[in-house]
Amino acid sequence: EKPDEEKFKPTISPYLKVQFWNAYSEGIQSADGARTQERLASYFRRGRAGLKGNLLPEISYNLMVSFDYLAKDENLSTKGTANAGTFSIWSFYFTWKLNSENDWLNITGGYFLPHLSRESTNSPWSVSSLDKAETSCYLRQFVTGKTNGISPGINIGGMGKIGTPTLLYNLSCVNRQDKTSIQTESWSPVVLGHFMLNFGDDEFQKYKYTFSNNVLKKQKSATLGVGFSKQGETDAFESSSTIGADATIYLGGLKMDGEYYRLSRKNESKYNAECAMGRVGYNIFLKKNWILEPVAMYQVFKGDDNYSDASFFDGSDKITDLGVNLISKPKNIKVNLHYIFHDGDGTKNHYISDEETPGNYAVLGIQFTI
Amino acid sequence: EKPDEEKFKPTISPYLKVQFWNAYSEGIQSADGARTQERLASYFRRGRAGLKGNLLPEISYNLMVSFDYLAKDENLSTKGTANAGTFSIWSFYFTWKLNSENDWLNITGGYFLPHLSRESTNSPWSVSSLDKAETSCYLRQFVTGKTNGISPGINIGGMGKIGTPTLLYNLSCVNRQDKTSIQTESWSPVVLGHFMLNFGDDEFQKYKYTFSNNVLKKQKSATLGVGFSKQGETDAFESSSTIGADATIYLGGLKMDGEYYRLSRKNESKYNAECAMGRVGYNIFLKKNWILEPVAMYQVFKGDDNYSDASFFDGSDKITDLGVNLISKPKNIKVNLHYIFHDGDGTKNHYISDEETPGNYAVLGIQFTI
Amino acid sequence: EKPDEEKFKPTISPYLKVQFWNAYSEGIQSADGARTQERLASYFRRGRAGLKGNLLPEISYNLMVSFDYLAKDENLSTKGTANAGTFSIWSFYFTWKLNSENDWLNITGGYFLPHLSRESTNSPWSVSSLDKAETSCYLRQFVTGKTNGISPGINIGGMGKIGTPTLLYNLSCVNRQDKTSIQTESWSPVVLGHFMLNFGDDEFQKYKYTFSNNVLKKQKSATLGVGFSKQGETDAFESSSTIGADATIYLGGLKMDGEYYRLSRKNESKYNAECAMGRVGYNIFLKKNWILEPVAMYQVFKGDDNYSDASFFDGSDKITDLGVNLISKPKNIKVNLHYIFHDGDGTKNHYISDEETPGNYAVLGIQFTI
């Protein structure tokens with residue numbers, strides 16, 4: 001037996017991230033117009049814990065569990081059903097950086113969120129709005145079968161300079177997973193990707209699987225992206241595809257971002273839907289590294305009537321968010337106060353669900369990341 | 001961008017606590033009097049793991065998951081249903097200590113056990129009886145809707161000298177969570193609190209969210225407490241309240257504690273129930289820091305007949321516990337041997353459940369905390 | 001109060017182990033002969049995480065959770081049902097080494113896999129075949145009621161020299177746990193054990209609860225084992241027992257192992273079944289501590305027709321595995337490529353389940369342990 005070569009000692013570190021929401025909301029309104037009593041309730045919007053580290057210097061991994069909506073009151077108007085304490089695997093993937101000298105080629109395998117649009121892979125811990133745009137959830141659900149989009153498969157991605165701008169790309173092949181399709185007899189893989197060009201100041205320092213929605217410093221930059229997805233026949237449809245574009249622009253303290261994606265599906269008839277989102281925030285730099293960020297967002301989902309044939313949603317779902325964030329990057333703390341106007345129509349979508357429509361709400365949130 | 005200020009590095013530590021029970025029990029007796037065969041079976045009465053630490057020096061947190069009753073035989077007479085391996089969030093809270101110079105003001109937010117009585121927040125790892133008094137479970141269930149009492153909300157608490165004695169207080173506002181109430185259309189918050197005065201030697205060194213039931217040293221002290229809760233209208237009742245008192249007394253090696261709480265509810269009629277508990281133990285200090293503690297406990301729940309209108313229990317549930325504990329504080333080990341006499345009557349309560357009554361049992365337990 | 005004696009500081013370390021499979025498989029075939037479309041899908045065959053360490057120098061523990069089959073496609077022909085993210089306690093036990101000078105006596109308590117045969121307690125991270133022999137799952141299910149065999153109870157085990165050879169023994173008393181038996185009114189404990197003699201070079205360095213199937217070095221040794229189990233009356237049968245033998249032989253790079261176990265049960269009639277497995281691999285030592293191991297395995301389960309009276313399986317389940325492993329022990333990585341021929345007949349067994357039979361499949365697997 002040969003002597004062991006010098007070994008890299010694998011690293012494994014626990015982490016914890018949490019959004020504790022104190023929500024004041026109108027009640028839920030049922031189909032007959034009756035509305036449950038308004039209320040003030042505390043719960044965890046997001047609870048995440050996990051283990052991350054490196055197996056080898058070039059192979060990193062991240063196992064995340066979630067206990068979102070822990071202790072939520074079911075008659076609050078905010079998103080999500082009550083969670084009495086269950087938690088489950090959110091995502092688990094490992095990334096192999098193939099070249100130590102540049103960032104052009106990284107292979108990710110596992111159970112992960114594929115890159116459908118910029119907002120779909122913006123970190124929920126960094127978004128300026130109260131929550132990630134619901135439009136990215138529609139997009140994920142359309143492509144992967146799940147609102148959170150987490151799918152099993154392989155991703156190839158990287159970044160590097162091509163002349164002056166920086167290119168970021170991600171290309172995935174994943175398996176659809178919604179209840180209908182994971183049991184699909186006719187099977188097709190989902191192929192999808194997202195490409196961004198970053199002009200001006202750098203928005204990204206190195207290849208990472210998720211993006212930040214706020215660099216928390218003054219800079220001038222524009223990052224333009226395009227994304228797409230394609231899938232062939234399954235038991236539920238003949239073919240399905242999405243395409244769209246997104247942009248994130250920093251002008252000193254001002255930050256503007258938005259995206260527009262088009263969802264198309266062919267079954268017996270053709271189905272189209274669209275997801276659009278715009279958000280603007282302004283970073284005000286206070287003493288002791290605190291940042292105050294007033295923000296406004298508008299987002300809309302619209303879908304064709306033949307939702308049943310397309311196995312998706314119809315009508316519209318519109319969210320307007322006005323709020324302010326107080327952020328300390330060194331202290332890993334964000335406090336935010338937002339008011340959400342929620343409106344929509346149709347037969348079946350995230351606003352109209354089970355013949356109940358949620359009311360408007362205000363949230364005072366506290367976010368910790370450890 | 002300004003240079004980062006000197007940062008406190010957040011701490012995150014895993015922990016593990018376990019009670020492994022080897023139980024010899026009479027079987028379960030069904031309504032027709034038939035009794036399943038007596039048996040000897042091993043299982044985990046309590047399994048808890050978690051992450052705790054500090055986000056900042058003044059902000060601590062504790063995330064606990066439970067896998068209680070792991071591998072329990074359903075026909076054992078001990079408490080709890082079989083658990084084939086599931087685990088879930090037990091509690092998750094963070095505490096902000098507002099003043100570094102004294103302990104008077106601590107704000108706790110999250111999903112936690114509110115202070116209803118002394119026994120309700122005595123640590124299950126420190127109680128002298130085989131288990132925490134079941135009466136505190138009745139009390140918790142009455143107030144919060146759950147036997148374990150863990151609820152989402154906010155708590156304000158603290159401790160300090162007021163003259164010679166030490167005052168400890170905790171005051172919470174939480175959301176009821178039982179299956180009926182979390183979907184309640186008429187909503188009211190639960191307000192509750194607990195106040196203690198510690199005379200003589202100190203029982204508590206600093207403000208902590210849970211209490212020890214055995215200081216494991218000789219001292220002379222008396223800690224007297226009062227607790228209350230109040231809630232207005234929900235779909236299940238017009239109003240609900242509890243009030244009671246408790247005491248913990250050390251006289252050298254002798255320790256005596258007990259509590260009496262009264263539960264009242266108004267719906268179509270008035271409903272009253274009572275929870276009473278008394279416990280006495282004697283710490284015998286052996287070599288090498290081992291302590292031998294013989295102990296006896298009696299507890300009783302009694303409820304009015306109109307349990308259905310009150311959405312609670314009737315009849316009586318009586319537990320007598322005779323046992324002995326062998327404790328090594330430095331080694332984090334407790335070995336205990338107890339015999340439980342369990343008796344009761346009525347239509348629906350923790351003793352009479354699903355028309356089956358459990359028999360008596362003996363337990364040889366081993367407890368580790370890491 | 002006496003001053004604390006010098007304390008051993010308990011240790012607690014997280015760990016993570018994973019098998020990521022990329023499977024290409026024929027579809028599932030239903031009773032009418034229709035077969036779902038062939039497919040290529042990625043998922044986690046095994047996902048395990050846990051905490052292990054020592055409470056005291058002589059008391060170790062291991063808590064393991066599993067999220068096996070995470071994101072599996074239900075129409076893949078490989079073993080296991082889809083897992084959308086749930087995870088649960090796999091095992092949790094602690095071992096007390098009674099004598100620091102030798103390894104003859106170790107007591108294990110908790111929720112663990114009892115020693116039924118060598119393959120049943122070979123580590124799944126070390127087996128040369130694509131997966132552990134399914135025959136050991138039949139054996140476990142027969143004895144403990146569960147395919148994974150994890151049961152609550154107590155085990156006594158140890159190892160030491162008796163003359164030239166080394167003896168390893170394990171003897172357990174556990175509680176059956178399948179859905180039928182954990183609610184059994186007539187109760188009997190399960191007593192079982194496994195004994196091995198290791199001749200020639202040492203296969204084991206010290207007493208451990210699980211075994212490695214590949215020492216990853218050249219040596220000459222033969223380890224011969226016998227195992228048994230016995231249980232008396234339950235609601236499902238009058239008595240149940242198993243007996244068998246196993247062998248693991250190293251001849252330089254060549255490794256051969258196999259086992260034969262006989263399963264017997266008495267209810268209204270007598271029932272017999274048998275589990276047999278043979279496996280051969282060859283370790284080729286490459287540069288930089290990589291090992292290439294071509295391997296072949298054949299295994300078969302056969303059961304009598306009266307499966308219903310015996311509350312077990314009938315027919316046959318046959319698996320042939322041809323593959324190659326690439327292993328780096330220092331890097332904790334295994335890459336394996338195997339093709340599985342799966343065949344069988346009968347009314348009810350792991351091959352014939354719910355009137356669907358799985359097809360053959362190829363797997364490219366990657367294994368990490370951290």
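Chain identifiers are assigned alphabetically (A, B, ...) following the order of the sequence lines, protein sequences preceding nucleic acid strands; residue numbering begins at 1 within each chain.
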Enquirer: For A:Leu70, is it the side chain, the backbone, both or neither that has a heavy atom under 4.5 Å from a heavy atom of chain B?
Expert: side chain

Enquirer: Using non-hydrogen atoms only, which part of A:Asn83 is less than 4.5 Å away from chain B: side chain, backbone, both, or neither?
Expert: neither

Enquirer: Between B:Gly110, B:Pro189, B:Ser66, which shows the greatest number of heavy-atom pairs under 4.5 Å with chain A?
Expert: B:Gly110

Enquirer: With ring centroids as reference points, do A:Phe87 and B:Phe87 lie under 6.0 angstrom apart?
Expert: yes

Enquirer: Minimum heavy-atom separation for B:Gly153 to A:Phe20, with atom names?
Expert: O-CZ, 3.9 Å

Enquirer: Passes side chain to side chain contact (heavy atoms under 4.5 Å, CB included), B:Trp187 versus A:Asn75? Steps please.
Expert: CA-CA 9 Å; B:Trp187 178 85; A:Asn75 281 336; over 6 Å; no

Enquirer: Parallel, tilted or perpendicular: which describes the rings of B:Phe92 and A:Phe44, with under 30° parallel and over 60° perpendicular?
Expert: parallel

Enquirer: Measure the shortest side-chain to side-chain distance between A:Phe368 and B:Ile59 over non-hydrogen atoms and say whether it is less than 4.5 angstrom.
Expert: yes

Enquirer: Please indicate whether A:Lys218 has more than 12 foreign heavy atoms, meaning atoms of other residues, nucleotides or ligands, lying under 6.0 Å from its NZ.
Expert: no

Enquirer: Should we say atom CH2 of A:Trp125 is surrounded by more than 12 heavy atoms from elsewhere, each under 6.0 Å from it?
Expert: yes

Enquirer: Checking heavy atoms, do the side chain of A:Ala34, its backbone, both or neither come under 4.5 Å from chain B?
Expert: neither

Enquirer: To the nearest 0.5 Å, what is the distance between CG on B:Asn175 and OG on A:Ser42?
Expert: 8.0 Å

Enquirer: Can you tell which part of A:Glu38 gets under 4.5 Å to a heavy atom of chain B, answering side chain, backbone, both or neither?
Expert: backbone

Enquirer: How about B:Pro10 and A:Asn332: do any of their side-chain heavy atoms sit closer than 4.5 Å?
Expert: yes

Enquirer: Counting only heavy atoms not in B:Lys266 (residues, nucleotides, ligands), do more than 12 fall under 6.0 Å from its NZ?
Expert: no

Enquirer: Identify, with sequence neighbours excluded, every residue that meets side-chain hydrogen bond (donor to acceptor under 3.5 Å, both in side chains) alongside A:Asn54.
Expert: none

Enquirer: Are more than 12 heavy atoms from other residues, nucleotides or ligands located less than 6.0 Å from atom NZ of A:Lys146?
Expert: yes

Enquirer: On a heavy-atom basis, which atom in B:Thr11 and which in A:Ile370 lie closest, and how many Å separate them?
Expert: O-CG2, 4.1 Å

Enquirer: Is it the side chain or the backbone of B:Leu63 that comes within 4.5 Å of chain A heavy atoms, both, or neither?
Expert: side chain

Enquirer: Check the pair B:Leu56 / A:Ile333 against side chain to side chain contact (heavy atoms under 4.5 Å, CB included), numbers first and verdict last.
Expert: CA-CA 10 Å; B:Leu56 293 171; A:Ile333 292 179; 3.7 Å; yes

Enquirer: Identify which part of B:Val174 has an atom lying under 4.5 Å from any heavy atom of chain A, answering side chain, backbone, both or neither.
Expert: neither

Enquirer: By a 4.5 Å heavy-atom criterion (distance strictly below it), what part of A:Ser13 contacts chain B: side chain, backbone, both, or neither?
Expert: neither

Enquirer: If we define contacts as heavy-atom pairs under 4.5 Å, which of A:Ile28, A:Leu40, A:Asn22, A:Thr86 has the most with chain B?
Expert: A:Leu40

Enquirer: Please report the C-alpha distance between A:Tyr15 and B:Leu51 in whole Å, then the side-chain angles of each, then the deciding distance to 0.1 Å, and finally whether the side chain to side chain contact (heavy atoms under 4.5 Å, CB included) criterion is met.
Expert: CA-CA 9 Å; A:Tyr15 64 86; B:Leu51 295 171; over 6 Å; no

Enquirer: Would you mind reporting whether B:Thr184 and A:Arg39 have side-chain heavy atoms less than 4.5 Å apart?
Expert: yes

Enquirer: State which residues pass side-chain contact (heavy atoms from CB on, under 4.5 Å) with A:Leu254; sequence neighbours excluded, sorted by chain then number.
Expert: A:Leu251, A:Met256, A:Val280, A:Tyr282

